[in-house]
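Keep in mind that the numbers below use all heavy atoms, side chains included, and drop hydrogens, waters and symmetry copies. Letters A, B, ... mirror the listed sequences (proteins, then strands); counts begin at 1.
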Protein chains: 2
Amino acid sequence: MRFDAGEHIFRQGDEDRSVYVLQTGLLKAYYLSDEGKENIKSFIQPGELIGSLAAAYFKEYCSFSVVCLEPSVTVELDFDVLYAATRDDLEMASAMVEHLLNFSMKKERREREFLTESAEERYRMLIDRSPELFDKVTQKDIARYLGITPVALSRIRKRNASRK
Amino acid sequence: MRFDAGEHIFRQGDEDRSVYVLQTGLLKAYYLSDEGKENIKSFIQPGELIGSLAAAYFKEYCSFSVVCLEPSVTVELDFDVLYAATRDDLEMASAMVEHLLNFSMKKERREREFLTESAEERYRMLIDRSPELFDKVTQKDIARYLGITPVALSRIRKRNASRK
DNA sequence: CATCCGCGTTAACCCAGGTTAATGCGCCCT
DNA sequence: AGGGCGCATTAACCTGGGTTAACGCGGATG
């Protein structure tokens, strides 16, 4: 499936029960609060996989939206088919375990960062870990990913003007 | 394996490559910062499973410690054996997928709460979701789990004096 | 070319939570 | 019983980030 920049793959509240593998492009997954504030769950880069686990597994509504930041190409997989496959194909199950282990560790790291680091430290770690992001994504989105406002990020950048 | 309250199952920095299933008791998993500050990753209740995925999978050091808050009984499983089993036993692989899906969703929810909610809202949600914890765990530990100081939690409780 | 709009920056003011320290309480220990 | 220790509370003060608003800018659009 091909998408233009700005197009949504699915929206918060949808009943989408698919999983998408990103081939090329860049996606952002975000939560929209009742008051209309956006908080960014993650950026998705080629090779990564995105979909609302909870929505698919518990047959609920998606708790977040996914939109393309660049023109993107994805492959859509039906969660139920995928899940059924893990129940009777060892290859699939192993691959799924592999993927989920990696996914869990990523989530765990982010949880840890929120728990133990300040916004400023999280900013510095993000620069170290994913410098490419800073070329592709607006500062507003970086801020919303770090859990702060664009104004706060601008201040942090000023404080850290020396490094990048 | 039996443990007294206060005993550690493993410590940050250990090379423990096991996974533990809690039969009875109550555990807490926590990070200790360089400056000696404690931040609580999670409380583990009977039926749940704990272990440092990253340590086991990447053969690294554990990034957190696990200590018993009550006398506890656990079953120890070797991660490598477990992982190998998922590679050639469909039953095991399916169970592992099941478990990891649930684990991922829990982490995802916590990530979301840190990203989108204030400390006060997180406190209220915790009361709703796990009221039992408040009887078993000190307020200090609840605060460290919420990502705030005991002093801040005391203030929040005062503001919310009406509800519990 | 002029207009518009969204982004990043900066300033001023506000507030939640951190820090430090004092107090009082309950619990464990011998 | 007495001493000691860790926990919860409260107060005073500090600080990082939120909010609002003004400004300049660059890119898109007519």
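- Every side-chain contact (heavy atoms from CB on, under 4.5 Å) that B:V81 has, sequence neighbours left out, goes to B:D78.
- You can see that DNA chain C meets the heavy atoms of chain A within a 4.0 Å-exclusive cut from C:dC7 to C:dA12, reading 5' to 3'.
- Contacts of A:S154 classified as side-chain contact (heavy atoms from CB on, under 4.5 Å), with partners at least two apart in sequence or in another chain: A:Q139.
- A:Y61 belongs to no hydrophobic cluster, as no Ile, Leu, Val, Met, Phe, Trp or Tyr side chain comes under 4.5 Å of its own.
- Within the structure, the ring-ring contact (aromatic ring centres under 6.0 Å, His included) test picks out no pair touching residues 95-119 of chain A (sequence neighbours left out).
- Under a 4.5 Å side-chain heavy-atom criterion applied to ILVMFWY residues, the cluster that includes B:L90 comprises A:L90 as well.
- Residues that satisfy the side-chain contact (heavy atoms from CB on, under 4.5 Å) test with A:M1, not counting sequence neighbours, are A:F3, A:Y20, A:T74, A:E76.
- Side-chain rings of B:Y145 and B:Y30 stay apart, their centers remaining 6.0 Å or farther from each other.
- Residues satisfying the side-chain contact (heavy atoms from CB on, under 4.5 Å) test with A:A119, not counting sequence neighbours, are A:R122, A:I148, A:I156.
- Over its full length, the helix from C:dC1-D:dG30 to C:dT30-D:dA1 turns its helical axis through 40°, comparing axes from the five pairs at each end and rounding to 10°.
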Under 3.5 Å between N/O atoms: give me all the protein pairs with nucleotides 17-20 of chain D, atom names plus distance.
| from | atom 1 | to | atom 2 | distance (Å) |
| --- | --- | --- | --- | --- |
| D:dG17 | OP1 | A:A119 | N | 3.3 |
| D:dG17 | OP2 | A:R159 | NH2 | 3.0 |
| D:dG18 | OP2 | A:T149 | N | 3.0 |
| D:dG18 | OP2 | A:T149 | OG1 | 2.9 |
| D:dG18 | N7 | A:R155 | NH2 | 2.6 |
| D:dG18 | O6 | A:R155 | NH1 | 3.0 |
| D:dT19 | OP2 | A:K37 | NZ | 3.2 |

At a cut-off of 3.5 Å, list every protein nitrogen or oxygen paired with a nitrogen or oxygen from nucleotides 4-6 of chain D, distance to 0.1 Å.
none

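- For the salt bridge (Lys or Arg N to Asp or Glu O under 4.0 Å) condition, the pairs that include at least one residue of residues 17-27 of chain A, sequence neighbours left out, are A:R17-A:D80.
- Ion pairing between B:K28 and B:E70 fails under the 4.0 Å rule for side-chain N and carboxylate O.
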